[in-house]
Peer 1: 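The structure is given below, and queries will be raised subsequently.
Below, chains carry the letters A, B, ... as their sequence lines are ordered, and counting in each starts from 1. Computed over heavy atoms, backbone and side chain alike; hydrogens, waters and symmetry mates excluded.
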Amino acid sequence: MPKYTLNIRRFSPETGKPAYFETFDIEMEGHRPVLDAILEARNDQDGSIGIRCSCQAAICGSCGVRINGNPALACNTLLRDAVATAEDGVTIDIEPMGNMPVIKDLIVDMDAVHWKKVDRVVPWLVPAGDPPEREYVVPHEAMVDVTQSMACIHCGVCVSDCLSMEADPEFIGPAASAKAYRFVGDPRDSATKDRLVHLANDPSGIYDCTHCFKCVEVCPKGVAPMNQIMRLRRRATGDYAIKDHNNGYRHEKAFVSIIEKWGTLHEAKLLPDSYGEGILGKLNPDAQKNLIGSLPTALRGLASGKVTIPKVLHHHRLPDIDKIKDIYEKVEGRPERIELNLYIVGDEAEMIDDEPTAPEVVAAAPTEGEGA
Amino acid sequence: MPEHDVLVIGAGLAGQRAALAAAEQGVTVGIISKIHPVRSHSNAAQGGINAALNPDDSWESHAFDTVKGSDYLGDQNAIEIMCREAPDEILHLEHLGVTFHRNDQGLLGTRAFGGASAARTYYVADITGQAILHVLYEQMLKYSDSIDRYEEWFTVDITTDDDGRCSGAIMRNIRDGSLEVFKAKTVILATGGSGQIYKPTTNALVCTADGQAMAYRAGASLMDMEMIQYHPTTLLGNGLLITEGARGEGAHLYNALGERFMEKDAPNKMELASRDVVSRAEQTEINEGRGFPDGSVHLDVTVVPKKRIHEALREIVMVGRDFAGIDITKEPIPVKPGQHYIMGGVKTDVDGQTDIPGLYAAGEVACVSVHGGNRLGANSLLDTLIFGKRSGVHAAAVAKQRNMPDVSASRLDQVRDEIDERINREPGTGRRVSDVKAELGAIMDAKVAVYRDEAGLQEALEVVRRLKEEAKTATIDDKGTVFNQDVLGSIELGYMVDIAETIVLGAIERKESRGAQFRTDFPERNDEEWLKHIDIKLKDGEPTIEYSPVTITQWQPQARTY
């Protein structure tokens with residue numbers, strides 16, 4: 001029977017002592033989950049190890065922890081996979097999730113962070129008027145689409161390692177944003193525009209995300225929270241043209257037009273163009289506020305040599321810029337926006353097996369990251 | 001001391017539905033749960049929820065299927081109510097925002113399910129329970145002005161006044177270990193099932209018979225406790241649930257000889273016969289050596305189109321990948337019958353009222369009885385919602401007529417002393433709580449499972465009674481107050497051994513085979529002697545058996561074939 005060492009971060013507020021690590025040796029088959037090992041340690045060695053857990057099937061969302069520094073559910077991370085990322089090949093570090101205060105051992109205060117953020121998105125359906133006699137008639141695809149967000153189990157794994165939240169604790173965050181999309185994408189909801197206006201203008205709203213992809217990588221349910229944030233942005237900019245106080249709208253427009261014109265990102269132009277098009281645009285009060293706020297960044301760029309006068313004047317244009325223009329024409333010429341929903345399509349290879357239209361859907365993938 | 005007109009204990013589907021229904025009546029409501037509500041085990045209901053909503057379906061057809069599925073032990077008045085109210089409840093959920101699957105016309109679409117004569121199961125991929133639970137929680141957030149939520153509070157005891165009326169409950173705040181008396185004019189138990197009495201089980205670690213045990217100790221009757229459902233498709237090894245929706249989508253069951261063995265037992269319904277029938281068929285294949293060497297039969301989902309699998313069975317794709325290392329679109333899943341549900345529970349009428357005035361029960365904790373000897377797939381979500389709602393409405397109406405009761409402070413001191421005693425037991429002086437629990441799970445799964453007989457049941461009774469004694473001295477390690485999960489486990493063990501005893505007693509008492517109870521020593525159904533409920537209640541500290549009649553309205557018992 002394989003042997004594993006669990007290195008569990010312990011903390012009990014009653015003792016007045018700082019957190020410490022304690023090791024537990026476990027013999028268990030490698031295909032068993034980390035949670036089973038923790039529970040065995042608790043059952044046989046120390047019943048005071050604190051961890052929330054219930055379903056043991058990645059459904060209830062209780063057992064989010066950090067395993068060797070990476071956030072995950074303990075119940076669906078197998079020991080053999082966990083040990084593969086262990087520094088010494090034997091010892092599995094288990095710590096509470098990040099970005100949330102620790103209550104005891106592996107138990108964090110989700111109310112203080114995650115659930116407060118969920119409260120901010122008006123987390124219930126706002127239908128227009130009285131309900132119909134029968135069901136609301138809505139497209140099949142729309143329901144499958146929001147079911148991806150509905151699949152969120154509020155485990156907090158994405159919240160744990162959200163980089164933007166580390167920088168701005170007020171950031172609405174990946175899970176609450178996915179919850180917001182669950183309503184924005186629901187044709188039965190009548191408050192779509194209000195929701196988007198609010199999320200776009202919130203100084204710690206959807207434009208606070210820096211697309212680090214961490215939430216997509218760690219989500220145990222394939223919710224891909226960052227993709228939901230990008231969808232919220234596309235609806236805010238593309239469908240409702242919401243010109244927000246955070247300059248998210250103009251930033252996206254600037255980004256898109258720079259790539260169309262140059263083929264690559266002209267960073268020296270991105271910042272000023274994001275404040276507003278032309279001189280008049282830059283005099284817009286929101287733009288001025290952002291302009292002043294961005295001065296330190298611009299100065300750092302100059303100091304480090306990332307931005308130089310020659311670079312500002314002579315940005316290299318891609319030689320095959322026509323191909324870029326072709327892409328723009330093709331994407332913008334489509335009658336409808338194609339949303340990449342992994343929840344529907346499964347992985348690429350299987351789609352190609354089953355669906356002749358698959359390559360086109362897959363080709364839409366890069367738009368997920370647009371908007372810088 | 002918190003006071004509420006209506007206090008709901010448990011915040012899964014039944015509890016949340018009850019709280020919302022009560023609040024709509026204009027009373028003050030408190031809802032308490034030992035875990036955050038969205039962690040509740042209602043999440044695990046994957047396949048869907050039944051309702052005769054299509055114009056070409058009828059509630060009578062749904063009701064008959066349920067009666068037949070129950071092996072005629074279900075009370076037909078309650079079944080009629082459930083099936084009649086089902087369509088409106090589905091529409092209500094849809095209006096609240098549940099993202100039910102739609103057909104090509106954008107209308108609610110259905111899938112087939114076991115034991116049903118029509119495709120009447122409404123669903124959200126294979127996360128139906130989760131989707132409904134989360135939408136109800138959205139509503140709880142919306143109405144947070146009228147519903148006070150107590151999340152991560154553990155119920156230690158329900159209290160009664162001098163007249164024997166329920167007067168509230170005593171709670172431990174898990175965050176800081178403090179004890180509080182919650183006063184209430186009416187109390188609704190919605191604490192879920194008891195699956196942790198078994199190992200393995202598809203039930204979550206929180207399903208520890210809390211409500212059944214507290215009601216039983218307070219003097220309420222339990223009913224049909226011997227009726228334990230073994231689900232036909234649980235993952236070999238860890239017992240994880242593989243939804244019946246997989247078979248609803250067309251998946252097949254095979255033995256090691258490559259035979260679709262359901263041809264023998266249910267030639268018409270095949271894999272979609274009632275759960276008790278399919279589980280017995282599988283167990284027979286395994287017992288008679290036609291299973292795979294690892295003790296499984298195979299569920300083959302590969303016959304379902306891939307796109308459909310990804311759209312409708314995504315959770316099972318993940319379970320296969322994460323827990324069994326299997327790509328279910330390419331390989332069969334090794335499955336066996338596993339403990340899944342308890343049809344029995346706290347005996348209630350169709351408004352959720354128990355034997356104790358002012359105390360209600362709804363959902364898996366209760367026995368109305370709509371499931372009788374065997375619950376049909378996708379009827380449990382319906383049960384929680386219909387009877388959760390009815391309990392909430394009735395409890396609110398009764399609460400309006402009453403004054404706030406008094407709860408004596410001495411009961412609080414007594415409970416505090418009991419908990420301190422558990423915490424202060426010296427490790428080493430008794431068995432570990434976890435050891436006792438493990439032995440309980442093993443004996444129940446060995447002797448009180450798909451096939452039962454007198455000798456095995458008597459052996460189980462002896463072991464359970466010994467464990468009941470050992471639980472009284474079992475020790476824990478944690479001496480703290482903040483999130484002392486150890487002491488909660490000790491209290492839960494006490495709940496479980498009490499209820500395990502009633503399950504075994506019921507199984508010994510019922511000397512026939514009906515629904516989930518199959519006695520190899522009494523292999524036939526015996527309507528003449530046993531078409532009746534077995535009620536168990538505590539009298540002078542001893543479990544006592546009584547009988548109550550089965551309510552028959554329009555469907556006389558007949559032979560049951562699929």
Peer 1: Any carboxylate oxygen within less than 4.0 angstrom of a Lys/Arg side-chain nitrogen, looking at B:D486 and A:R42?
Peer 2: no
Peer 1: Mind checking side-chain hydrogen bond (donor to acceptor under 3.5 Å, both in side chains) for A:E40 and listing every partner two or more places apart, or none if nothing turns up?
Peer 2: none
Peer 1: Please round to the nearest 0.5 Å and tell me the distance separating atom CD1 of A:I51 and atom CZ of B:F483.
Peer 2: 11.5 Å
Peer 1: With sequence neighbours excluded, tell me which residues meet side-chain hydrogen bond (donor to acceptor under 3.5 Å, both in side chains) with B:Y122.
Peer 2: none
Peer 1: Would you list the pairs meeting side chain to side chain donor-acceptor pair (under 3.5 Å) in which at least one residue belongs to residues 29-38 of chain A, sequence neighbours left out?
Peer 2: A:R32-A:D36
Peer 1: Need one label for B:R432: side chain, backbone, both or neither, based on atoms under 4.5 Å from any heavy atom in chain A.
Peer 2: side chain
Peer 1: So what's closer than 4.5 Å to chain A heavy atoms on B:L91: side chain, backbone, both or neither?
Peer 2: side chain
Peer 1: B:H95 versus chain A, heavy atoms under 4.5 Å apart: side chain, backbone, both or neither?
Peer 2: both
Peer 1: Please lay out, stage by stage, how A:R52 and B:Q485 fare under the test side chain to side chain donor-acceptor pair (under 3.5 Å).
Peer 2: CA-CA 9 Å; A:R52 287 194 190 97; B:Q485 298 170 310; over 6 Å; no
Peer 1: Under the salt bridge (charged side-chain N to carboxylate O under 4.0 Å, His left out) rule, what do B:R102 and A:E135 come out as? Steps first, then yes or no, please.
Peer 2: CA-CA 10 Å; B:R102 297 305 210 273; A:E135 68 267 42; 5.8 Å; no
Peer 1: If you count heavy atoms of other groups shown closer than 6.0 angstrom to CG of A:D130, is the number above 12?
Peer 2: no
Peer 1: Does the ring center of B:H101 lie less than 6.0 Å from the ring center of A:H140?
Peer 2: yes
Peer 1: Taking the ring centre of each residue, are B:Y143 and A:W124 less than 6.0 Å apart?
Peer 2: no
Peer 1: Tell me, for B:L96 versus chain A, whether the close heavy atoms (under 4.5 Å) come from the side chain, the backbone, both or neither.
Peer 2: backbone
Peer 1: With a 4.5 Å heavy-atom cut-off (strictly below), which parts of residues 10-17 of chain A touch chain B? List them by number.
Peer 2: A:P13, A:E14
Peer 1: Verify the neighbour count for atom NZ of A:K116: are there more than 12 heavy atoms of other residues, nucleotides or ligands below 6.0 Å?
Peer 2: no
Peer 1: Side chain, backbone, both or neither: which part of A:D186 has a non-hydrogen atom closer than 4.5 Å to chain B?
Peer 2: side chain
Peer 1: What part of B:I476 is in contact with chain A, defined as an atom under 4.5 angstrom from a non-hydrogen atom: side chain, backbone, both or neither?
Peer 2: neither
